[in-house]
Engineer: 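Structure in structure tokens, see below.
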Amino acid sequence: MSQPVTVTRDGNVAIVTIDNPPVNAMSFHVREPLHARLLELRDDSSVEALVLACAGRTFVAGADITEFGKPIQYPFLPEIIDLIETFQKPTVAAVHGTALGGGLELAMGCHFRVAEASAKMGLPEVKLGILPGAGGTQRLPRLVGPSKALKMIVSGTPIGAKDALASGLVDEVVDGDLLANAIRFAREKAASKATLIAVSQRDDKLAPVRANMAAFDAEIAEVLKKSKGLDAPKTCAQSVRNALTMPFAEAATAERNFFHELVKGDQSRAQRHLFFAEREANKVPGVGKDDKPRKIAKVGVIGAGTMGGGISMSFVNGGIPVTILEMSDEALKRGLGVIEKNYGISVSRGSLTEEAKAKRMSMFKGTTDYADLADCDLIIEAVFEEMGVKEKVFGTLDKIAKPGAILASNTSYLDVNEIAKFTSRPQDVLGMHFFSPANVMKLLEIVRGSKTAPDVIATAIAVGKAIGKVPVVVGVCHGFVGNRMLGARGAEAEDLLLEGATPAQADKVFTDFGWPMGTYQMWDLAGLDIGWRTRKSLGKTAAIGDALCEQGRYGQKTGKGYYLYPDGRTPVSDPEVEALIVEKAREKGINRRDISNEEITERMMYPMINEGARILEEGIAIRSSDIDTVWVNGYGFPVGKGGPMFWAELVGLPKIVERLDYWYGKTGKEVYNPSPLLRKLAAQNGSFADATKAAA
Ligand code: TC6
């Protein structure tokens, strides 16, 4: 193994190189030698300048997240950065790849930063439920100004080298040899003998803002608008504010204390869990390094409706041209028109230029002829959810698609193994289940059929990541992971109303929990007629849901459903619906009673956990963290609670089983019958992760 920290010399310039693959995280085994070498170099009079660089694909991408929550060993990162600031000779960070979190904090400890044009810099700690704890909230405002620092730290979004140069974060952007340029830069600074000012001592960008704290507080209120329920964004903002109101050392100590508080909290544990969960989801048993992804240069999408259009936009946004097939010229024109309109909205919001819109539109080709899909590497169908329709589509695709083309269904519920049988190449068939709006939602459920080839799974993961999705591989069952659990979550929604809850009360329990909306709001958004049609086809009924549809109340699209929508979007409780609920309860002989918020949680969220446990038990999900990844990225489960399975463990599996048993005893409904796995884990005080390990 190579040394994590080495020192080389180029004349009077010392070059310290960190080499800790894959992303040069600042683990203890880097911090210890780095601290020791820096001490030596600071006091070495033959060294006139220092360059801090990294080997491999990136500059330091942060502290080592795996060390969080454990006792951290000395030397700590803030001490190392403080040590760099004591150098009385120029120190220069040479930044390539991504300087993130503790990595950027390290670079800001240097007097100067030189970056490659492709480099990205940011403080993404907020996404892990923490704040930059090594001076980042203090040094970044001094370099780029408090307003920009506030936005960068609260959003966690990195900026590019050009922006970093313009805002003062870096001093030079280079196109050629980064190290050679950083050495040249360091040598020039040493030769100039100019006074060196540590970043912590700078005040020029703080002073003007200090003069109008009310305006800055208004900026804080604005950036915190989207951070509902999360502690880290608020703490980040507070810490940046401290840069204006406290001396550096005092504010840095406060920052460190905030860090320690946040890192041990449940929200940060949840968000760190999600960080690793997302990466773990790419590791699929039976898919190895030798299963190289196939090349996807051109994609075909069948269906230009809401899903097909959104899927097509996702690929085009990711730089992959798309041929969209529709049944008629009118349908095609309508579909492409909607896509153009959507891009137009982005232009009007300023997130896309007219040129970029024109370029994207030029990457779509519309057709009504299947033969035009013959050169596509991946073809995804997004047509009507009916096996007969899928049979026709896949039978035709089998005839026209080139050998090796991947044939995917965007089905939400249907059996992918059945669909694969409609072709002579089941090894090339899989499910790629996108979530609406497909150009926005990050989740991609990759449904692995019994015959799907490993390299087809590898390709779906690779192309999914390339277009910015979060892929999770799941097995074949009705509704896969997400929709199957969603069904369990909504199973008691009708009865809760009949027994005494109101849509507004139950939905508030959900929004207070951190969901973007509650069940009835979600149904109104999706369209109540969809469930009504399904119920009718299955011979099922739902007293309230059916009655609403019979009155033409299909949800938002008709201006009323469980709620009224006077402005088209915002739900308002409707006394008529409440009267309807009372009437239906009376018809059924149900005495309505007060339903507590706790009961709503137990009867909606615990069955969802139970279904998750069944899914895990059946091997439909590979690991419990995959289920969490599905729910956070596809259904708005609050990140600060880490996904349903992580949250279940916070609540306590014994408690969940006890309450499921209670409701099962009372109602006899199968959704409450605890799965054997859940019961076993609760009895053993075990975790879902243990169950995954045991199964592996
Ligand atoms: C911080 O710095 C706080 C400081 C205050 C201190 C007081 N630690 O994402 P990839 C692993 S907080 C440990 O697939 P990419 C990752 O799990 C930190 N491990 O690669 C994966 O492991 P696997 C602030 C880490 O090229 C492997 O590296 N920094 C860390 O798609 C490859 O990762 C961040 O939040 C880490 N810091 O993207 C940045 N980072 O192969 C977090 C990565 O065993 N990192 N790993 O599965 C990233 O955003 C991305 O990894 C990336 C590279 C953009 C650097």
Side-chain angles (χ1 to χ4, degrees), residues 4 18 20-31 34-35 54 56-82 95-109 118-140 152-153 155-160 232 235-236 239 252-264 268-269 271-284 287 289 461-462 464-471 623 625-626 629 639:
I18 297 170
N20 183 27
V23 298
N24 290 316
M26 286 293 276
S27 320
F28 167 67
H29 75 275
V30 173
R31 295 198 306 274
L34 180 62
H35 189 257
C54 284
R57 63 185 194 202
T58 178
F59 193 77
V60 173
D64 183 341
I65 304 166
T66 62
E67 291 181 356
F68 291 172
K70 303 175 190 158
I72 299 183
Q73 287 170 278
Y74 187 85
F76 311 124
L77 188 55
E79 273 79 10
I80 294 174
I81 297 169
D82 288 348
V95 178
H96 76 291
T98 43
L100 298 176
L104 181 59
E105 291 178 302
L106 186 69
M108 292 192 294
S118 58
K120 288 202 163 67
M121 282 147 272
L123 295 174
E125 284 88 339
V126 72
K127 295 182 180 165
L128 299 168
I130 51 175
L131 86 166
T137 63
Q138 302 309 305
R139 289 190 179 88
L140 192 61
M152 283 177 70
I153 294 171
S155 72
T157 310
I159 59 171
T235 314
C236 285
S239 197
T253 304
E255 178 199 80
R256 189 92 189 124
N257 292 337
F258 284 143
F259 175 83
H260 287 305
E261 265 316 298
L262 287 175
V263 83
K264 63 181 186 220
S268 176
R269 278 184 50 221
Q271 288 179 263
R272 274 147 39 209
H273 160 75
L274 290 170
F275 174 85
F276 289 113
E278 208 177 285
R279 281 149 183 88
E280 199 64 17
N282 297 324
K283 295 166 195 159
V284 180
V287 180
K289 284 202 167 56
I461 295 174
K465 284 174 73 178
I467 61 170
K469 300 293 175 200
V470 176
R623 41 184 99 75
S625 60
D626 285 1
T629 305
V639 289

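We use all heavy atoms of the structure for the numbers below, so side chains are in, but hydrogens, waters and symmetry mates are not. Start at 1 and go down the list; that is how both ligands and their atoms are numbered. For the single chain, residues carry numbers from 1 onward in sequence order.
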Engineer: For R279 and ligand 1, does the shortest N/O to N/O distance drop below 3.5 Å?
Structural biologist: yes

Engineer: Could you tell me the separation between the CG atom of L123 and the CG atom of L140, rounded to the nearest 0.5 Å?
Structural biologist: 5.5 Å

Engineer: Answer side chain, backbone, both or neither: which part of F275 comes under 4.0 Å from ligand 1, heavy atoms only.
Structural biologist: side chain

Engineer: What is the nearest protein non-hydrogen atom to atom 5 (C) of ligand 1, stated with its residue, atom name and distance?
Structural biologist: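 Ranked first by proximity to atom 5 (C) of ligand 1 is G133 N, 3.6 Å.
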
Engineer: Side chain, backbone, both or neither: which part of T58 comes within less than 4.0 Å of ligand 1 when only heavy atoms are counted?
Structural biologist: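 No part of T58 comes within reach of ligand 1.
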
Engineer: Compute whether any side-chain donor of one residue and acceptor of the other, for E255 and T137, lie under 3.5 angstrom apart.
Structural biologist: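 Judged by distance alone, the side chains do pair up.
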
Engineer: Would G102 count as a polar contact of ligand 1, with the cut-off being nitrogen or oxygen pairs under 3.5 Å?
Structural biologist: yes

Engineer: Can you measure from OG (S239) to CD (Q138) and round to the nearest 0.5 angstrom?
Structural biologist: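 Atom-to-atom, S239:OG and Q138:CD are 5.0 Å apart.
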
Engineer: Regarding ligand 1, does R57 bring an N or O atom to under 3.5 Å of one of the ligand's N or O atoms?
Structural biologist: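 For ligand 1, there is an N or O atom that lies under 3.5 Å from one belonging to R57.
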
Engineer: Do R272 and F276 form a cation-pi contact, if we require the NZ or CZ to be under 6.0 Å from the six-membered ring centre and within 45 degrees of the ring's axis?
Structural biologist: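 So R272 doesn't make the cation-pi contact.
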
Engineer: Which protein non-hydrogen atom lies closest to atom 28 (O) of ligand 1, naming both residue and atom, and how far is it?
Structural biologist: P22 CG, 3.4 Å

Engineer: Could you check atom 25 (C) of ligand 1 against the protein and tell me its nearest heavy-atom contact, residue, atom and distance included?
Structural biologist: V23 CG2, 4.0 Å

Engineer: Which pairs, with at least one residue in residues 119-130 and sequence neighbours excluded, count as a salt bridge (charged side-chain N to carboxylate O under 4.0 Å, His left out)?
Structural biologist: none

Engineer: Under 4.0 Å, heavy-atom basis, I'd like to know which part of F59 is in contact with ligand 1: side chain, backbone, both or neither.
Structural biologist: neither

Engineer: Counting only heavy atoms on the protein side, is anything nearer than 4.0 Å to atom 52 (C) of ligand 1?
Structural biologist: no

Engineer: Measure the distance from atom 23 (P) of ligand 1 to every protein heavy atom, then report the residue, atom name and distance (to 0.1 Å) of the closest one.
Structural biologist: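 Looking only at protein heavy atoms, the one closest to atom 23 (P) of ligand 1 is K283 NZ, 3.5 Å.
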
Engineer: Starting from atom 13 (C) of ligand 1, find the nearest protein heavy-atom neighbour and note its residue, name and distance.
Structural biologist: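 In this structure, atom 13 (C) of ligand 1 has D64 OD1, 3.4 Å as its nearest protein heavy atom.
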
Engineer: List the closest protein heavy-atom neighbour of atom 7 (C) of ligand 1: residue, atom name, distance to the nearest 0.1 Å.
Structural biologist: R256 NH1, 3.1 Å

Engineer: Indicate, as side chain, backbone, both or neither, the part of E280 found under 4.0 angstrom from ligand 1 when only non-hydrogen atoms are considered.
Structural biologist: neither

Engineer: Please work out whether any backbone atom (N, CA, C, O) or any side-chain heavy atom from C-beta onward of I65 is under 4.0 Å from ligand 1, and answer side chain, backbone, both or neither.
Structural biologist: both

Engineer: Considering heavy atoms of the protein only, find what lies nearest to atom 34 (C) of ligand 1 and give residue, atom and distance to 0.1 Å.
Structural biologist: A61 O, 3.5 Å

Engineer: Does any N or O of ligand 1 fall below 3.5 Å from an N or O anywhere on A63, backbone included?
Structural biologist: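 Between A63 and ligand 1, an N or O pair is found under 3.5 Å apart.
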
Engineer: At under 4.0 Å between heavy atoms, which part of K127 makes contact with ligand 1: side chain, backbone, both or neither?
Structural biologist: neither

Engineer: Could you measure the distance from the CD atom of Q73 to the NE2 atom of H29? Nearest 0.5 Å is fine.
Structural biologist: 12.0 Å

Engineer: Under 4.0 Å from atom 11 (C) of ligand 1, do we find at least one protein heavy atom?
Structural biologist: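 Given the 4.0 Å cut-off, atom 11 (C) of ligand 1 does not count as touching protein heavy atoms.
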
Engineer: Just to confirm my output: which protein heavy-atom neighbour is closest to atom 54 (C) of ligand 1, and how far is it?
Structural biologist: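 The answer is L100 CD1, 4.1 Å.
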
